Colleague: 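Sharing a structure with you now.
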Protein chains: 2
Amino acid sequence: MIGDIAKRTGTKVNTIRFYEDIGLMPEAARTAGGRRTYGDAEVRQLAFIRHARDLGFSTDEIRSLIALSANPDQDCKEAGSLARRHLASVEDRIARLTALRNALADATRDCEGGRIADCRVMEAITMPADLDSGTRV
Amino acid sequence: MIGDIAKRTGTKVNTIRFYEDIGLMPEAARTAGGRRTYGDAEVRQLAFIRHARDLGFSTDEIRSLIALSANPDQDCKEAGSLARRHLASVEDRIARLTALRNALADATRDCEGGRIADCRVMEAITMPADLDSGTRV
DNA sequence: TTACGATCTACAGTCACTGTAGGAGCAAGC
DNA sequence: GCTTGCTCCTACAGTGACTGTAGATCGTAA
């Protein structure tokens, strides 16, 4: 039943139905009464989708990964290049988030009992280095 | 003009108008002909908004940060706690992205010339450790 | 004066869900 | 057998943060 697979994968029921709608999940088998049932393969697939989404893959990317894994005899190149493209953007995001973490850590430290006027949160976030200067535009 | 501030901050023109609509940017001054004009303060504010969005703050969070910075005499506590809450989630995201980076790096290495059947991309992403076992549900 | 690009408003579309309304299936208790 | 209460069903509207498009207007250079 959909509620069980939802609990086991930490996915909302409506989200699972949505994945079926857009073809990320196969059409579920039904009981006589019309309820969806799922086997281990579906649980694994849903878990894969959730992890991939969680880690920033778009549903289109996930769709192509699933399609690739459905033809295991074909060359791995395509999946590899998908992963490589993603790797670059993941590394970029890590770098930017690390910079933010430092800024936020500084900011919360500086903010202890201070006043906004002395607070670095905004400056830390803005980092105005990449702004052109100029007057009214 | 809106096109200039768009270029200087790397923001799309429609996005700037959208920020004005939802009150993230103040209502812009207009020329006689009705075109929006901006000063340095607006450029800085837009740059701040873009950085904050880029780094994962919601428009609501940004709105409250702007409101706080508009009353610099009030205590910094609120901005600090906002930053602290964000810090925790940023650190979590860094940890998860780092795990993904390693998985993707492994995956792309293992994939060189291999076949999907031997490929770790899916497994690396799925990490099925957090799945209950069971049959049909 | 005409052509062209930038800007204007207003609104529809996108992505990935999330929530809700109204009805049906189904096991447990009376 | 009937009610209660839960889960499930379909269908569709709403959300957040934009993005794109249509049709009109402004401003300037040829």
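Remember, it's a predicted structure, so these values are computed and weren't measured experimentally. Letters A, B, ... are given to chains in the order of the sequence lines, protein chains preceding strands, and every chain is numbered from 1.
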Colleague: Within the 4.0 Å heavy-atom criterion, would you say A:Arg50 contacts the bases, only the backbone, or no part of the nucleic acid?
Modeller: sugar-phosphate
Colleague: Minimum heavy-atom separation for A:Arg30 to A:Gly34, with atom names?
Modeller: NH1-O, 2.8 Å
Colleague: Check this one for me: any side-chain N or O of A:Lys12 less than 4.0 Å away from OP1 or OP2 of C:dG19?
Modeller: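 Affirmative; the distance criterion is met.
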Colleague: Please report, rounded to the nearest Å, how far the P atom of C:dG25 is from the CD1 atom of A:Ile2.
Modeller: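 After rounding, the gap between these two atoms is 17 Å.
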Colleague: Rounded to the nearest angstrom, tell me the gap between atom CZ in A:Arg30 and atom P in C:dA24.
Modeller: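 After rounding, the reported distance stands at 16 Å.
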Colleague: Output the single nucleotide from D:dT10, C:dA16, D:dC18 whose closest atom is nearest the side chain of B:Arg53.
Modeller: D:dC18
Colleague: Looking at C:dT7, does its base get a donor-acceptor pair with the side chain of B:Arg36 below 3.5 Å?
Modeller: no
Colleague: Please report the closest heavy-atom contact between A:Thr11 and A:Ile16, naming both atoms and the distance.
Modeller: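 Where A:Thr11 meets A:Ile16 most closely, the heavy atoms are CG2-CG1, 3.7 Å.
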Colleague: Ignoring backbone atoms, establish whether B:Thr15 has a side-chain N or O less than 4.0 Å from OP1 or OP2 of D:dT19.
Modeller: yes
Colleague: Taking the basic N atoms (NZ, or NE/NH1/NH2) and the acidic carboxylate oxygens, is any pair closer than 4.0 Å for B:Asp60 and B:Arg63?
Modeller: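 Yes, this pair counts.
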Colleague: Identify the heavy atoms of B:Arg101 and A:Glu91 that sit nearest to each other, and give their distance.
Modeller: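 That would be CD-OE2, 3.2 Å.
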Colleague: How is A:Arg17 classified with respect to the nucleic acid when contacts are heavy atoms under 4.0 Å: base, sugar-phosphate, or nothing?
Modeller: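 If one applies the 4.0 Å heavy-atom cut-off, A:Arg17 turns out to touch a base.
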Colleague: Expressed as a whole number of angstroms, how long is the span from A:Asn14:CG to D:dT10:P?
Modeller: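 Distance, rounded to whole Å: 11 Å.
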Colleague: For the pair made of CD1 in B:Ile22 and P in D:dT15, what is the distance, rounded to whole Å?
Modeller: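 It works out to 14 Å between those atoms.
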Colleague: On DNA chain D, nearest-nucleotide positions of B:Gly33 versus B:Ile49: which is more 5'?
Modeller: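 Here B:Ile49 is the residue nearer the 5' end.
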Colleague: Write down the distance between CG (B:Asp60) and P (D:dG16), rounded to a whole number of angstrom.
Modeller: 7 Å
Colleague: Tell me: CD1 of A:Ile16 to P of C:dA16, nearest whole Å?
Modeller: 17 Å
Colleague: In whole Å, I'd like the distance from the CZ atom of B:Phe18 to the P atom of C:dA12.
Modeller: 16 Å
Colleague: Minimum heavy-atom separation for B:Thr37 to B:Thr31, with atom names?
Modeller: CG2-CG2, 3.6 Å
Colleague: Let me know the distance between CD of B:Glu20 and P of D:dC18, rounded to the nearest Å.
Modeller: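 It is 15 Å, rounded to the nearest whole Å.
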Colleague: Would you state whether a donor and an acceptor, one from the side chain of B:Arg35 and one from the base of D:dC26, lie under 3.5 Å apart?
Modeller: yes
Colleague: I want to check one thing: is the phosphate of D:dC18, taken as OP1 and OP2, less than 4.0 Å away from some side-chain N or O of B:Tyr19?
Modeller: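 So the side chain of B:Tyr19 is within the cut-off, an N or O lying under 4.0 Å from OP1 or OP2 of D:dC18.
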